[in-house]
**Q** 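Got a structure for you, written out below as structure tokens; questions coming shortly.
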There are 2 protein chains.
Amino acid sequence: MKIGELAKATGTQVETIRYYEREGLLPETSRTDGNYRIYGEAHAQRLSFIRHCRSLDMTLDEIRVLLRFKDAPTENCGEVNALLDEHIGHVAARIRELRSLERQLKGLRDLCQEAQDAAHCGILNELARQGSEGGSSAAGHVHGAHGRSVERKTMKDKRK
Amino acid sequence: MKIGELAKATGTQVETIRYYEREGLLPETSRTDGNYRIYGEAHAQRLSFIRHCRSLDMTLDEIRVLLRFKDAPTENCGEVNALLDEHIGHVAARIRELRSLERQLKGLRDLCQEAQDAAHCGILNELARQGSEGGSSAAGHVHGAHGRSVERKTMKDKRK
DNA sequence: AGAAACCCTGTAGCAACTAAAGAGTCAAGA
DNA sequence: TCTTGACTCTTTAGTTGCTACAGGGTTTCT
């Protein structure tokens, strides 16, 4: 099947499929004389695997690890368990952080019961207060299962 | 004070301060003869406001709205309340999604009680199952208060 | 004077896509 | 056969909020 068919079969964007091929998650496939990609069932299954992992908010690096085991059926899957445990830990941590953030935001919201002029808005005044930056250090602490700080961790290494 | 001092005073990276200036969040400031930026207390306060908002995971666009009200003390702050309500809604939604994700992941984790060869790993096999992609549509659904889909929403508009 | 710390601008990169430009291919219908 | 519209291709750029680096200038202190 052609790329559009594969996209439909797996609920994926055509562009995303090409992206996964560039990223090495999907092996390159044969082409027609007109240079169109031709996929078989194996590719469809692999893509479904990848999409399933993405739906669980795993990073592409995590997925690469899982694919490695998928491709090596005799390998011991202990690392798969560990990876999942770690990922679950990330999610739990993120939930805790978001809960904390929710409480802060609600507290802040309560400072302005009814609209008035901005100068007397309890929210704006609280935001302007020095030393009111919350418990954690600042931006990026409440994103996904993989916060931006985690994403950024590899930047230095990558440049090396 | 110079940029390094401002950075220390507000717990911000120097580069981030320059970034905020480029992004229009911080007004440009006067310079020394040697072209060093010179900041006063007003800038320090504004930056603290911004950082406080960031610590609450507000986007820079949201912060721009709040700054507009901060700069217009006679304006009615109803929109501030609405913005905060919406932001709180985003956080609540994200918490719900993460909890759902957590349940899914734990269910998946339970499929492999002890490490064995990958071919018989309940986790890998479940991930490979067709039609197992979870309730939501795929990637990007469980990130921060502002999911990746939200971030991406403005791409089309920006290109115009 | 020299060295170290600081500052500047411009550019690139991170993750995981997504969009657009410009061009080629294919299939169906006139 | 020709036309047209859908599909495909590659390449490049962009999203968010930073962060890092290159290369060079300025300031401070010894």
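Lettering of chains follows the sequences in order, A, B, ..., and the numbering in each one begins at 1. Worth saying up front: this structure is predicted, and the values here are computed from it rather than measured. Only heavy atoms go into these numbers, but all of them, side chains included; no hydrogens, no water, no symmetry mates.
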**Q** In this structure, how many angstroms lie between the P atom of D/dG17 and the CG atom of B/Leu25, rounded?
**A**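 Distance, rounded to whole Å: 9 Å.
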**Q** Among C/dA16, D/dC18, C/dC8, which is the nearest nucleotide to the side chain of A/Tyr19?
**A**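 The answer is C/dA16.
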**Q** What is the separation between atom CD on A/Glu28 and atom P on D/dT8, rounded to the nearest whole Å?
**A**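 Nearest whole value for this atom pair: 18 Å.
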**Q** Ignoring backbone atoms, establish whether A/Arg51 has a side-chain N or O less than 4.0 Å from OP1 or OP2 of C/dC17.
**A**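 True: A/Arg51 side-chain N/O within range (under 4.0 Å) of C/dC17 OP1/OP2.
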**Q** Could you tell me how far apart B/Arg31 (CZ) and C/dC7 (C1') are, to the nearest whole angstrom?
**A**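 Going from B/Arg31 (CZ) to C/dC7 (C1'), I get 10 Å.
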**Q** Can you tell me which nucleotide in C/dC6, D/dC9, C/dA16 comes closest to the side chain of A/Arg54?
**A**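 The nucleotide sitting nearest to the side chain is C/dA16.
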**Q** Among C/dT25, D/dT27, D/dC18, which is the nearest nucleotide to the side chain of B/Tyr20?
**A**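 Closest of the options to the side chain of B/Tyr20: D/dC18.
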**Q** Between C/dA19 and A/Arg18, is there an OP1 or OP2 to side-chain N/O distance shorter than 4.0 Å?
**A**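 No.
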**Q** If each of B/Leu60 and B/Gly34 is mapped to the nucleotide of DNA chain D with the nearest heavy atom, which maps nearer the 5' terminus, i.e. the 5' end?
**A**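 It is B/Leu60 whose nearest nucleotide is closer to the 5' end.
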**Q** Please determine, by modelled atom types, if A/Tyr39 and A/Arg46 share a side-chain donor-acceptor pair under 3.5 angstrom.
**A**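 No.
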**Q** When the distance from CE of A/Met1 to P of D/dC7 is rounded to whole Å, what number comes out?
**A**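 From A/Met1 CE to D/dC7 P: 16 Å.
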**Q** Atom CG of A/Asp57 to atom P of C/dA15: distance rounded to whole Å?
**A**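 Atom CG in A/Asp57 sits about 15 Å away from atom P in C/dA15.
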**Q** Taking the basic N atoms (NZ, or NE/NH1/NH2) and the acidic carboxylate oxygens, is any pair closer than 4.0 Å for A/Arg68 and A/Asp71?
**A**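 No, this pair does not count.
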**Q** Once rounded to the nearest 0.5 Å, what's the spacing between atom CG of A/Leu6 and atom CG of A/Leu26?
**A**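 With rounding to 0.5 Å, CG (A/Leu6) is 7.5 Å from CG (A/Leu26).
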**Q** Choosing from D/dA20, D/dT8, D/dT11, which nucleotide comes nearest the side chain of A/Ile3?
**A**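 Nearest nucleotide to the side chain: D/dT8.
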**Q** For A/Glu21 and C/dT18, give me the distance from atom CD to atom P, rounded to whole Å.
**A**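 Rounded to the whole Å, the gap is 17 Å.
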**Q** With respect to the phosphate group of D/dA20, does any side-chain polar atom (N or O) of B/Gln13 fall under 4.0 Å of OP1 or OP2?
**A**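 True: B/Gln13 side-chain N/O within range (under 4.0 Å) of D/dA20 OP1/OP2.
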**Q** Starting at atom CG of A/Asp33, determine the distance to atom P of D/dT8, rounded to an integer number of angstrom.
**A**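 In whole Å, D/dT8 P and A/Asp33 CG are 17 Å from each other.
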**Q** What nucleotide among D/dT19, C/dC17, C/dC8 has an atom nearest to a side-chain atom of B/Glu15?
**A**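 Within the option list, the nearest is D/dT19.
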**Q** What nucleotide, of D/dT19, D/dT10, C/dC17, holds the atom closest to the side chain of A/Asn35?
**A**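 Among the listed nucleotides, the one closest to the side chain of A/Asn35 is D/dT10.
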**Q** Closer than 4.0 Å, any side-chain N/O of B/Thr16 to the OP1 or OP2 of D/dT19?
**A**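 So the side-chain polar atoms of B/Thr16 do come within 4.0 Å of the phosphate oxygens OP1 or OP2 of D/dT19, strictly under.
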**Q** Does any N or O in the side chain of A/Gln45 come within less than 3.5 Å of the main-chain N or O of A/Ala42, such that one atom is a donor and the other an acceptor?
**A**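 No, the answer is negative, given that no donor and acceptor are paired below the 3.5 Å cut-off.
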**Q** Which listed nucleotide (C/dT25, C/dC8, D/dT28) is nearest to the side chain of A/Tyr36?
**A**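 In terms of side-chain proximity for A/Tyr36, the closest of C/dT25, C/dC8, D/dT28 is C/dT25.
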**Q** Are B/Glu28 and B/Arg37 close enough for a salt bridge, meaning some N to O gap below 4.0 Å?
**A**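 No, B/Glu28 and B/Arg37 are not salt-bridged.
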**Q** Rounding to an integer number of Å, can you tell me how far B/Leu47 CG sits from D/dG17 C1'?
**A**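 Rounding to the nearest Å, CG of B/Leu47 and C1' of D/dG17 are 14 Å apart.
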**Q** With the threshold set at 4.0 Å, does a side-chain nitrogen-carboxylate oxygen contact exist between A/Lys8 and A/Glu5?
**A**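 A salt bridge is absent here (no side-chain N lies under 4.0 Å from a carboxylate O).
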**Q** With heavy atoms under 4.0 Å as the rule, sort A/Glu23 into base, sugar-phosphate or nothing.
**A**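 Nothing: the residue A/Glu23, judged by heavy atoms under 4.0 Å, touches no strand.
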**Q** Among D/dT19, C/dT9, D/dG17, find the nucleotide with the atom closest to the side chain of B/Arg37.
**A**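 Out of D/dT19, C/dT9, D/dG17, the nucleotide with an atom closest to B/Arg37's side chain is C/dT9.
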